Student: 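The structure follows.
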Amino acid sequence: MILQQYANPARFNRLADRLMPYLAWPAGLLMAAGLYFGLFDSPPDYQQGETVRIMYIHVPSAIMAEGIFVLMAVASAVGLIWRHPLAHLSAQAAAPVGAGFTFLCLFTGSLWGKPMWGTWWVWDARLTSVLILFFLYLGYIALKDAFDDPARGEKAAAILALVGSVNVPIIKFSVDWWNTLHQPPSLGVTKVAIHSSILLPLLLMAAAFGFYFGAILLIRMKALMLARRARGMAMAQAAGRPAAGQEARG
Amino acid sequence: MNGFARIVRRELGLALRQAGDSVVIVLFFVLAAVLFPFGIGPEPNILSRMAAGTVWVTALLAAMLSFERLFVPDYEDGSLEQLALAPIPLEFTVLAKATAHWLTTGLPLMAAAPVIAVMFGMPEHGYGALMASMALGTPVLSLIGTVGAALTLGARRGGVLLALLVLPLVIPVLIFGAASIEAAIGGLAVAPHLLLMGGMLLAALVLCPWAAAASLRQALE
Amino acid sequence: MNGFARIVRRELGLALRQAGDSVVIVLFFVLAAVLFPFGIGPEPNILSRMAAGTVWVTALLAAMLSFERLFVPDYEDGSLEQLALAPIPLEFTVLAKATAHWLTTGLPLMAAAPVIAVMFGMPEHGYGALMASMALGTPVLSLIGTVGAALTLGARRGGVLLALLVLPLVIPVLIFGAASIEAAIGGLAVAPHLLLMGGMLLAALVLCPWAAAASLRQALE
Amino acid sequence: MRFFGEALSCVRGERLVFSGLDFSVEPGDALVLTGRNGSGKTSMLRVMAGLSRCAEGTVGWEDGTIRDDPERHCARTAYAGHLDAVKPVLTVRENALGWAQLNGGDEASAMAALEIFGLSDLADMPARYLSAGQRHRLSLARLPARPATLWLMDEPTVALDADSVVALNRAIAAHRDSGGMAVIATNVSLDIEDARRLDMTAGAGA
Amino acid sequence: MRFFGEALSCVRGERLVFSGLDFSVEPGDALVLTGRNGSGKTSMLRVMAGLSRCAEGTVGWEDGTIRDDPERHCARTAYAGHLDAVKPVLTVRENALGWAQLNGGDEASAMAALEIFGLSDLADMPARYLSAGQRHRLSLARLPARPATLWLMDEPTVALDADSVVALNRAIAAHRDSGGMAVIATNVSLDIEDARRLDMTAGAGA
Ligand code: HEM
Ligand SMILES: Nc1ncnc2c1ncn2[C@@H]1O[C@H](COP(=O)(O)OP(=O)(O)OP(=O)(O)O)[C@@H](O)[C@H]1O
Ligand SMILES: Nc1ncnc2c1ncn2[C@@H]1O[C@H](COP(=O)(O)OP(=O)(O)OP(=O)(O)O)[C@@H](O)[C@H]1O
Ligand SMILES: [Mg+2]
Ligand SMILES: [Mg+2]
């Protein structure tokens with residue numbers, strides 16, 4: 001149990017290092033391709049003009065923002081039920097990234113809103129629910145750091161992630177709640193309502209973001225793991241006791 | 001008398017000794033609402049337009065303040081340990097706490113809501129929906145509050161953090177609560193909104209005690 | 001380095017360790033503001049009409065929540081006793097606390113205010129007055145907050161009771177703060193409002209530390 | 001029925017506090033946890049109470065571990081920790097009665113417990129007015145006030161005056177005579193006859 | 001310089017706790033307050049510290065009472081009460097240093113104080129990880145960490161293990177040898193050589 005809970009990170013590191021190239025390279029290449037098609041090889045929209053290109057950042061980041069929170073909720077559930085430390089760790093590693101994507105979505109969105117709707121911000125259901133999602137991310141991060149005992153913060157944050165995940169469907173269906181300015185989903189499983197010249201870069205960018213997230217997640221997890229380990233050993237040293245991790249290995 | 005009832009009675013007894021507390025919450029409710037005319041200026045049309053929303057928002061904020069005392073005192077003086085060690089499932093204990101909290105905070109807020117509505121000059125035919133939505137919404141607040149309170153137990157800056165966590169979760173209540181009143185004023189159907197709120201209440205009844213109990217256990221580890 | 005500076009540094013050091021805390025306050029500020037469009041509905045014209053008032057009211061509520069952590073932790077872990085027994089007049093200690101509180105809460109609130117203003121679509125020429133009134137008003141909040149926090153120290157349901165004591169005291173700040181912005185938007189003279197707020201700041205600087213120190217002594221008896 | 005733990009190890013704040021500790025308490029036994037500050041006495045008690053779970057090992061009764069049936073364990077166990085769980089607004093009696101009833105005690109047993117710790121003449125005083133020692137005695141009175149096989153006490157003598165310490169020892173003896181068990185974490189030497197000792201320092205970090 | 005009180009009486013919560021008590025402490029003296037729970041030891045200490053004022057009587061130094069010049073009294077007096085005044089987020093060193101500097105001590109004296117109570121090897125550990133006794137030792141370390149003639153201690157031995165109690169006694173002895181004074185409220189018998197005793201029970205409610 002101790003072994004599992006405080007396993008030394010070596011094995012995970014090895015796995016991460018092996019995976020890294022398969023994530024980093026595709027991320028870079030897809031990004032490049034997506035940007036090329038998006039910026040040069042796709043037509044400006046007949047009514048939105050060049051601003052339509054914002055979409056190639058906006059939509060993928062929106063999708064990531066929602067997806068990452070779901071992932072965090074799942075990871076937290078795993079962590080709480082099977083008490084596997086890597087689960088909590090991954091959720092914590094993902095949170096800031098997800099918050100970043102959410103911010104990107106909000107930012108590009110309002111950049112887009114100025115020309116399209118003539119205002120940076122409208123209290124549209126979808127916009128606001130994304131804003132809420134952003135707050136949930138920040139709440140998660142704040143809660144994780146709010147405790148003197150890191151272990152406690154980790155579990156509390158995990159529960160919050162579970163509870164908060166109810167918001168994600170709200171974002172999805174929010175479009176039906178109020179009179180909404182915002183685009184209805186045109187990217188459905190069944191129908192595709194966009195021209196392929198727009199769809200291609202959109203998909204490329206979405207994929208690029210996905211791989212990018214994977215790579216960053218691994219890096220952050222490694223960092224967090226090392227940080228935790230350093231803390232544990234420093235404290236053990238201070239108290240003249242062996243660190244739990246060492247203990248487990250010995 | 002079973003454990004659930006005992007805990008509810010204990011809570012009510014304590015609240016009774018500290019009757020000031022509920023009063024204070026209500027006063028805050030009213031006072032916060034009173035601030036708006038100051039900030040916005042007294043145009044009646046705008047105020048009455050804002051009535052429904054303001055009542056709900058300020059009710060939310062008042063509730064927010066009350067949540068912090070839900071577990072913190074028991075946590076600090078060790079009562080919470082004892083409650084957790086009592087031969088009663090912690091989930092029931094939480095439910096009892098939520099019940100007591102609603103009786104001592106939700107009900108008074110409900111009672112005070114019409115007063116504010118009057119101050120803001122809300123149209124007559126909104127009151128029915130106001131009370132109905134309050135009756136359905138305040139218990140949800142109490143329940144979600146227990147989760148937030150349990151999560152932030154022992155955290156630094158407990159109060160604000162709690163608000164930060166709970167507000168996003170209670171926004172649906174706010175939306176449909178206010179919407180139902182607007183609907184009533186606008187002469188539209190109120191039932192669908194209220195039904196949705198009823199659904200939330202059921203969901204909260206199932207999920208919140210579980211989540212709160214789980215995080216209480218974490219807090220006591 | 002004299003005692004005053006030492007205490008300010010101590011407070012800032014603690015706040016730094018808990019950097020999250022100031023962030024949380026700001027988040028609550030924004031979140032509370034965000035509630036209103038939910039309740040009142042998204043009509044831009046009404047919202048922009050409300051902007052000035054809402055910014056000030058929510059800033060007030062956010063500050064309110066932050067006051068509770070002003071003395072309570074020190075009171076509960078005995079630090080307050082030690083501060084009272086340090087060879088520094090308690091008045092200075094209070095002033096130092098207020099300063100630190102403003103640096104860690106007032107400033108961040110100021111920084112966040114424009115964001116909310118934007119979201120509510122406040123007219124451009126209001127921003128100058130917004131920042132000016134915030135710059136003058138938030139220190140007053142911190143100072144009055146110390147009094148409220150000291151008064152309710154050890155009182156149950158501290159948070160709400162505190163809000164209740166402080167709200168009436170800070171209403172003038174709110175009124176003139178909002179008024180100055182309205183004036184700026186309406187193209188009227190802003191100076192008189194700001195001058196009045198400056199006066200309040202001076203009065204608070206003189207009176208609050210003294211009152212707070214007195215009630216702290218009571219609390220420690 | 002025996003209460004025992006096997007191969008217990010405990011991690012606090014990502015640090016191993018103790019490991020590989022066993023203990024066993026028979027009816028009528030008293031187990032005294034000793035060891036220097038930070039050796040894990042409190043942690044061990046909380047594990048026994050079921051408040052915190054240990055990283056390794058099992059704690060339980062002959063008819064099942066704590067996790068198997070928490071309810072039953074709670075019904076059998078009374079815990080008096082560092083914190084007093086005393087409500088200042090309630091009177092001494094109300095404080096005692098409330099906890100007793102919640103755990104299957106009644107008015108009679110509660111008043112008897114107050115008597116044991118010499119609090120009956122303060123029974124109607126608001127607990128707000130109690131001194132440190134009086135308050136701690138009130139929290140100790142929770143144990144005899146309810147039916148429980150296992151008593152867990154953390155530093156029970158803190159702030160107690162001489163008479164109260166005697167009363168405490170008598171209470172523990174009486175409990176053991178009636179087939180109860182007691183586990184006591186303490187830094188001061190208590191004269192409890194034929195008590196088993198568990199030196200936490202032994203398991204420390206080992 | 002002498003520190004003394006005359007005809008002191010104290011009322012807590014509308015109840016007369018003690019009355020007509022005198023005390024006097026010479027440089028190098030130690031005064032031990034004894035008496036059963038609720039006899040007013042803590043109340044007396046807080047009066048001496050200047051935290052609470054007594055209903056009757058005066059407390060002070062030869063060159064003036066506490067009220068005459070609170071600053072001066074504070075500069076001369078170090079108080080360690082029931083509460084620890086330890087910030088969990090700060091390290092042990094930061095905790096000690098902060099209080100020392102605020103009261104005219106410095107890095108050196110602070111570290112020396114930690115050494116006395118065997119905390120130097122925990123110096124860089126966040127205080128949140130301290131056990132009950134370790135934390136209490138940290139709060140006791142405030143006294144030697146700063147210049148002060150008069151030490152006021154409320155139940156200093158609470159939660160301390162044997163070694164720490166020895167260290168405490170040594171610290172008090174050293175302080176007295178250097179002309180300091182110590183007033184100690186305690187329920188357990190401390191072996192402090194030639195200490196004056198003040199039995200609070202004498203003045204109780206009288
Ligand atoms: C801050 C403002 C905005 C936010 C927070 C926002 C948020 C979102 C979200 C959450 C999605 C859903 C992604 C998904 O899961 O399918 C989305 C999609 C989209 N947004 Fe925005 N948006 C904003 C502004 C805008 C603006 C101004 C436009 C252009 C007029 C726009 C155009 C789109 C389009 C075309 C999609 C793809 C629709 C689909 O296929 O689902 N958005 N946005
Ligand atoms: N905050 C208070 N309000 C009212 N009365 C109090 C308060 N604190 C203590 N008392 C009363 O004052 C008396 C003395 O309390 P005090 O704490 O000084 O006793 P003590 O000698 O320190 O007891 P102990 O040995 O338990 O610490 C007690 O009888 C108590 O009833
Ligand atoms: N909340 C906590 N988070 C992290 N570590 C902790 C926590 N509480 C205690 N510890 C660590 O666990 C160890 C054991 O603490 P514990 O309180 O069980 O010791 P103890 O034997 O009770 O000491 P004392 O005699 O001082 O009460 C200590 O070294 C302490 O550093
Ligand atoms: Mg302990
Ligand atoms: Mg005492």
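The shown structure was predicted, so the numbers you read here are calculated from the model rather than taken from an experiment. Reminder, nothing fancy here: chain letters follow the sequence lines and each chain counts from 1.
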Student: Please classify the contact of B/Gln218 with chain D as side chain, backbone, both or neither, using a heavy-atom distance under 4.5 Å.
Tutor: neither
Student: Could you tell me the separation between the CG atom of B/Leu220 and the CZ atom of D/Arg46, rounded to the nearest 0.5 Å?
Tutor: 6.5 Å
Student: Closest approach of D/Lys87 and B/Ser79, non-hydrogen atoms and distance?
Tutor: CE-OG, 3.6 Å
Student: Should D/Arg142 and B/Gln82 be marked as a side chain to side chain contact (heavy atoms under 4.5 Å, CB included) after you check the CA-CA gap, both sets of side-chain angles, and the distance that decides it?
Tutor: CA-CA 10 Å; D/Arg142 276 202 316 269; B/Gln82 295 299 331; 2.9 Å; yes
Student: Please give me the minimum heavy-atom distance between D/Gln101 and B/Arg9, naming the atom from each residue.
Tutor: OE1-NH2, 3.8 Å
Student: Looking at every heavy atom in both B/Gly3 and D/Leu102, which two are closest together, and how far apart are they?
Tutor: O-CD1, 4.4 Å
Student: Let me know if D/Val47 has heavy atoms under 4.5 Å from chain B in its side chain, its backbone, both or neither.
Tutor: neither
Student: I'd like to verify something: which residue of D/Ser52, D/Ser139, D/Ser43 has the highest number of heavy-atom pairs under 4.5 Å with chain B?
Tutor: D/Ser52
Student: Should we say atom OH of B/Tyr127 is surrounded by more than 12 heavy atoms from elsewhere, each under 6.0 Å from it?
Tutor: yes
Student: Could you tell me which portion of B/Phe4 (side chain, backbone, both or neither) has an atom closer than 4.5 angstrom to a non-hydrogen atom of chain D?
Tutor: neither
Student: What's the verdict on salt bridge (charged side-chain N to carboxylate O under 4.0 Å, His left out) for D/Arg135 and B/Asp77, showing C-alpha distance, side-chain angles and the deciding distance?
Tutor: CA-CA 11 Å; D/Arg135 182 178 288 106; B/Asp77 71 11; over 6 Å; no
Student: So for B/Leu83, is it side chain, backbone, both, or neither that comes closer than 4.5 Å to the heavy atoms of chain D?
Tutor: both
Student: If you count heavy-atom pairs under 4.5 Å with chain D, which of B/Arg217, B/Glu76, B/Glu81, B/Arg10 comes out on top?
Tutor: B/Glu81
Student: Minimum heavy-atom separation for B/Leu85 and D/Ala49, please, with both atom names.
Tutor: CD2-O, 3.4 Å
